[in-house]
Every structure is written in structure tokens, then in C-alpha cells.
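Convention: sequence-line order gives letters A, B, ...; per-chain numbering from 1.
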Amino acid sequence: MANVLVYAETRGAALRKLALEAVTAARALADASGGGEVHALVAGPSGVGAASEQLGAYGADVVYVVEHAALSNFERESIAATLADRAKQGGYRAVVLGFSTQGRDLGPRLAVKLDAPIASDVTEINVAGDAIVVKHPGYANKVLVTLTLSGSLVVLSVRPGAITAKQAARSARVESIQPAVDPSASRVVVKQVVEGAKGRPDLGEAPVIVAGGRGLKAAENFKLVEELADAFGNAAVGATRAVTDDGWRPHSDQIGQTGRQVSPQLYVAIGISGAIQHLAGMRTSKTIVAINKDKDAPIFKVADYGIVGDVLEVVPALTTAVKAARASH
Amino acid sequence: MGAPAVKIAVCIKRTPDSESRFRIASSGVAIDEAGLKFDIDDFAGYAVEAALQINEKGGGGETVVVAVGPDSVQESLRKAMSMGADRAVQLKVDSVPADGLAVAKALAAELKDGGYDLILFGKHAFDTSAGVVGTATAELLGLPCVTAVSQLDVASGRGSARRELEGAAELVEFPLPAVVTIDEGVARPRYPSLKGIMAAKKKPLESKPAQLGAVRVSVQKAELPPERPAGRIIGEGASAVPELVRLLQSEAKVL
Ligand SMILES: Cc1cc2nc3c(=O)[nH]c(=O)nc-3n(C[C@H](O)[C@H](O)[C@H](O)COP(=O)(O)OP(=O)(O)OC[C@H]3O[C@@H](n4cnc5c(N)ncnc54)[C@H](O)[C@@H]3O)c2cc1C
Ligand SMILES: Nc1ncnc2c1ncn2[C@@H]1O[C@H](COP(=O)(O)O)[C@@H](O)[C@H]1O
């Protein structure tokens, strides 16, 4: 029997979807390790402890709440130290995180603090005797790698969207703990936050992504992409490197090998050729729609539904039709 | 007088060209390397460029490139020197393990007493797609770490950077020495000039055994992911939109 510690990431005071996915992964791992407990740690400003109930509903037996005014920013040095302290209390088989900006930063720090082997961006976790075996898409999603981790404690970060969050009703015991090091003492000082698009879900979590490429011809025409995203209601906006290089959109919108890697339910590619580096970031999307005037564009090789045509004509028509379809139910 | 000289280490990995079509080796645990082109990993290439620009702007300093790997990494180290790096260190292993923490330990052992002001990494390597080695090295050395940086400046003993987040960015400041992992956004890596290539032949490349320690992560299997079913074109122009909406509703069930 062994317990699993999971970092339940929040945005504002709300749990992120990937936090519930990580709890689900931790629950399954604890069950497979002989029925251990899942301990979730949630950190943030005062009030963040309200997430405990939901964490219990998804399978946490214990929730450690770290509330501190300075934690309204993600204070990585302090959170890493607090998680490591907790993990050292013993009895843990694994620390599980989401592979987000936060998880990417915390994972390697924990691996060092705990001297534990780490696997990043995993899509599947299994127990095989004394080892933990994970699947991880490497080579920018082109090669699926199965990794074996030895060691009594391991650190795993889970790819957002790869594991479906499942309820597993428990009523979590809640315990308040102090940050292990002062969160306001960070050596790296944030001078300014440059916000991206407001009011849209993050690319890593959005069920629908509408992405635009150079085929839109001019920065102004990107509003067609925005309007289609608005019509879907729950869509994020993405872009190709051609577009972010030209400054039509910020770098944070870039999808592909050197940008974000996404797997939404629906990906709509508008005026995108489908270069291999772009495909590396979106080819695992469930359904792909492409609109391009060139019938031989490589994007059509991966598109479930392609329309050959001018984006300036097709996209407004699609926006109107999507609005109508959503209004009728 | 320019800014004070900065001593920079850049950790580089050698990886196959990302545009390659991969096949699995007969061992079943690696890709088949036959016929593949290898080069400095994309993000590490950006890191080399960032280091060279900082030292060019400062009018001095030193850029040292470091790689853990078999002798084939010497080619990548030479390339970085032909771009302008001053010297290179190979930390020799027969093959680079899939254990990012082990690689970080080897790098930290080498960098610990090197007197570096700045240690640069790529934000992640193409092959591992993991993003572990840079942050783990920082933690091993006890240095501040700034990840996914798309702009980097150094002035009077402090660094300032733009860090890319999910859907946003941060402008941060930090004391040196520090570790920074580089995202796209800094200038594209330069091509070596002929003069650079000639000069690189005479620059020092030191080779010594890597102190990896225990390797606890290993590849059990490598496979190609399932192909997507072939795409299909459903029509032309705006007249195809109703059919698309119908399919999104009834077949894909996403609307
Ligand atoms: C190391 C490396 C890393 C890279 N990383 C990334 C990455 O992370 N993400 C990424 O996206 N790219 C990346 N790239 C760049 C990539 O190779 C392509 O250059 C880029 O994706 C092309 O963007 P695009 O499709 O917008 O533009 P283009 O390739 O120029 O395609 C524009 C498309 O629009 C179509 N079009 C034109 N006009 C219209 C119209 N009126 N109506 C409809 N269609 C029209 C054209 O037929 C064409 O297919 C990388 C490249 C390298 C070398
Ligand atoms: N074998 C290696 N030798 C030197 N640097 C490396 C090595 N492996 C990884 N790195 C550095 O660490 C970064 C992140 O690698 P990874 O953690 O594997 O994604 C790379 O971009 C390189 O800068």
C-alpha cells in the first residue's frame, strides 16, 4: 500500500481542469499500488481551501491547504519546497502534477529535492511490480515512448486532456499547512504580467480551438478567427508560427512543435498549410476541420472535414451557421 | 566601457532533424538513426544565439558550450564554436540516458565551480520533449531559474527576461548567477560563416567522463503513434458550410 501526493493547480481561486485530471491519475495509481490514499495539496491566497470539497469528489482522501497572501502569484520556489516537505513525510509512491507552466517548473525541482526519477508529459501510468511504467509522446508527438521508472518515489507530470477526470466520491479530510519557505522571498521578481486574450479558455484546456495562418493575408482579418471562436462560445484562438513571427498574434498563441501542443475536441485550421511543425502541435486533436484555398495543402491529409475555398468567404458563412446551430438548441 | 564581461555556459543536445520521418530500430527501444540528419537541438540553438548576442553586446565575456553525449556530440559542439562560442566541453557517455535528472547531475558537477554568471538551456529537447534538464540543473546548483524565456538581457549583475506562460507572459528580473531556459523569440540561430568554421577548428574542445550517477529512467519501448485516418474534403466554398455544420453535429458531435 502506498499513497500518492498530487498538486492541485488553481487559477485564481478555481481548480484547473488539469488538476482534476491529475487527481484522477493519482487515484488510479494509489488504487493500483494496493489501495493507498490520495493526498492533494492546493496553494493560493486565502479562500483557495474552498477547492477541497471538489478534490474529495474526484478521489482525494486528504487535502492540504496552503493559504498565504503572497501565493496569489505562482511562487514556484515556495510551492516546490512545500510540496517536497510534504512528500518527505513518507509513505508516498509518487508525486503527480499536471504538465502545465506550473507543473513543468515544479516537477524537476521536486525530482531534485526528493532525489526521485521524473517523467514529464505522460499520457498513461501503470504499475509493473516495483516499477512505474508510463507512456510519453516524445519527438514532438512523432514517437510514443514507454518509460520505466525505478525508485520508491517518482515524480510524474500528466499531459492535460490525456486522462479524463472521473468522480470518485470521497469526503476529504482537510488540513491547513504553512508554506515551507516564505513565498514573498522569491529571487525572481515579476515586474509585469502581459495578459493574453481575456475571457477565453486556455489553449491547453479549451474544447474547441480556432487557429489562423498566413492564408488570412492580414492582421485585421484575424478578427474572422475571433468571431468564429466567439460563435462556438468555448473556443480558444491559436496561430501558426508564420502569424506569430509577423506579430499578428503573440507568441503564446503559437501551436506546433515550438509552440503549444494541444488536443481539443475540435480544431479548426483557417488558412493554414499544415507544415509538419504545425501538425506536431495539433494532430492529436479529436476532430480537425481545415479551410484552405489550395486543395493540395498538407493540412487536408489530416483534416476529418476539409473545405476548399477562400477563408474570407467561407469563415464568415461558417460563423453565421455555427451561431444558428447553437441558437437552435 | 561596455557592460561587464559575462561568463555564459550553454548546454546543448544533439537531436535528429525534426522534419525527419522516423522508423523504430530493431531493438524496439529507440529510433532508427540510419539516414537521419542530426544537429544542435532547436531550442538549444536559440540558447547559443542568445549567449553570443549578450557577449557581443557586452563586448567581452566568454561562451562555453557543454554537451553530455557520445563522441558524435563533438560535431555539434564544433558547430556552436563555429557560430562563435569560445570553447567546448564534452561530458562523455556511450549514450544519453532517458533520465533527465541523471543528465542534470552530470552537468551540475561540471558547472558547479565554473564561475558562470549565466547558464542557458533550451526549454525542452526535441527528442525527450520533457523540459527537465535545465530546471533540475538550476535546483542542483541552488540557482534561481527562469523558464521559457523569449527575451533576455543582462546589465549590472542582474538579468531581465520575458517569460512565456500559458496565454500570457511575464517580465521578470533576477540576480546572477542564474539558470535560464530559452523559448523561441530570441533571434534565430545564425549560420556559421566560413571564417567561423575555420576558427572553430582551433578552439579548445575538452572531453571527460560524465558523472551521471544512477540511471533510473529507461526506455522500455518506442513505437510510432497510430496514423490519423486519411483526411477528406467535403466541398468547395461557402456552399459546403451547411454540410460541415451537419457533420459537426451528427457525426463528430462537437456542436
Ligand atoms: C524548427 C522549426 C520549428 C517550427 N515550429 C513551428 C510551430 O511551432 N508552429 C508552426 O505553426 N510552425 C512552425 N514552424 C514553421 C512551419 O514550418 C511553417 O512555416 C508554418 O507553420 C506555416 O504557417 P502557415 O500555414 O500560416 O503559412 P503558409 O505555409 O504560408 O500557409 C498559408 C496557407 O494559406 C492558404 N491560403 C492563402 N490564401 C488563402 C485564402 N485566401 N483562403 C484560404 N486559404 C488561403 C495557402 O494555400 C497556404 O496553404 C517551424 C519551422 C521550423 C523550421
Ligand atoms: N545530453 C545533454 N547535454 C547537454 N545539454 C542537454 C542534454 N540533454 C538536455 N540538455 C539541455 O537541456 C534542455 C532540456 O532538455 P530536456 O529536459 O531533455 O527536455 C535541452 O534543450 C538542452 O539545453
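- By number of non-hydrogen pairs under 4.5 angstrom with chain B, the leading residue of A/Val322, A/Val133, A/Asp310, A/Ile288 is A/Ile288.
- For B/Pro16, the part sitting under 4.5 Å from any heavy atom of chain A is the side chain, from C-beta outward, and nothing else.
- Contact of B/Phe126 with chain A is made through backbone and side chain together, with heavy-atom distances under 4.5 Å.
- A/Asp245 and B/Arg188 are joined by a salt bridge, as a carboxylate oxygen and a charged side-chain nitrogen come within less than 4.0 angstrom of each other.
- A/Val314 approaches B/Gly237 most closely through the heavy-atom pair CG2-C, 3.7 Å.
- Contact count versus chain B (heavy atoms, under 4.5 Å) is highest, among A/Lys135, A/Arg326, A/Arg283, for A/Arg283.
- A salt bridge links B/Glu166 to A/Arg16: at least one charged side-chain nitrogen sits closer than 4.0 Å to a carboxylate oxygen.
- Neither side chain, B/Gln220 nor A/Thr146, offers a donor N or O lying under 3.5 Å from an acceptor on the other.
- In this structure, the portion of A/Ala303 lying under 4.5 Å from any heavy atom of chain B is its backbone and not its side chain.
- For B/Leu244, the part lying near chain A is the side chain, with the backbone staying farther off; criterion is any non-hydrogen pair under 4.5 Å.
- Proximity to chain B (any heavy atom under 4.5 Å) is restricted, for A/Arg11, to the side chain, taken from C-beta onward.
- Residue A/Pro207: no heavy atom, backbone or side chain, is found under 4.5 Å from chain B.
- The two atoms that bring B/Arg163 and A/Arg76 nearest to each other are NH1-NH1, 3.2 Å, heavy atoms only.
- Defined by atom type and a distance below 3.5 Å, a donor-acceptor pair is present between the side-chain atoms of B/Glu251 and A/Tyr305.
- In this structure, chain B has a heavy atom under 4.5 Å from the side chain of A/Phe232, while its backbone stays farther away.
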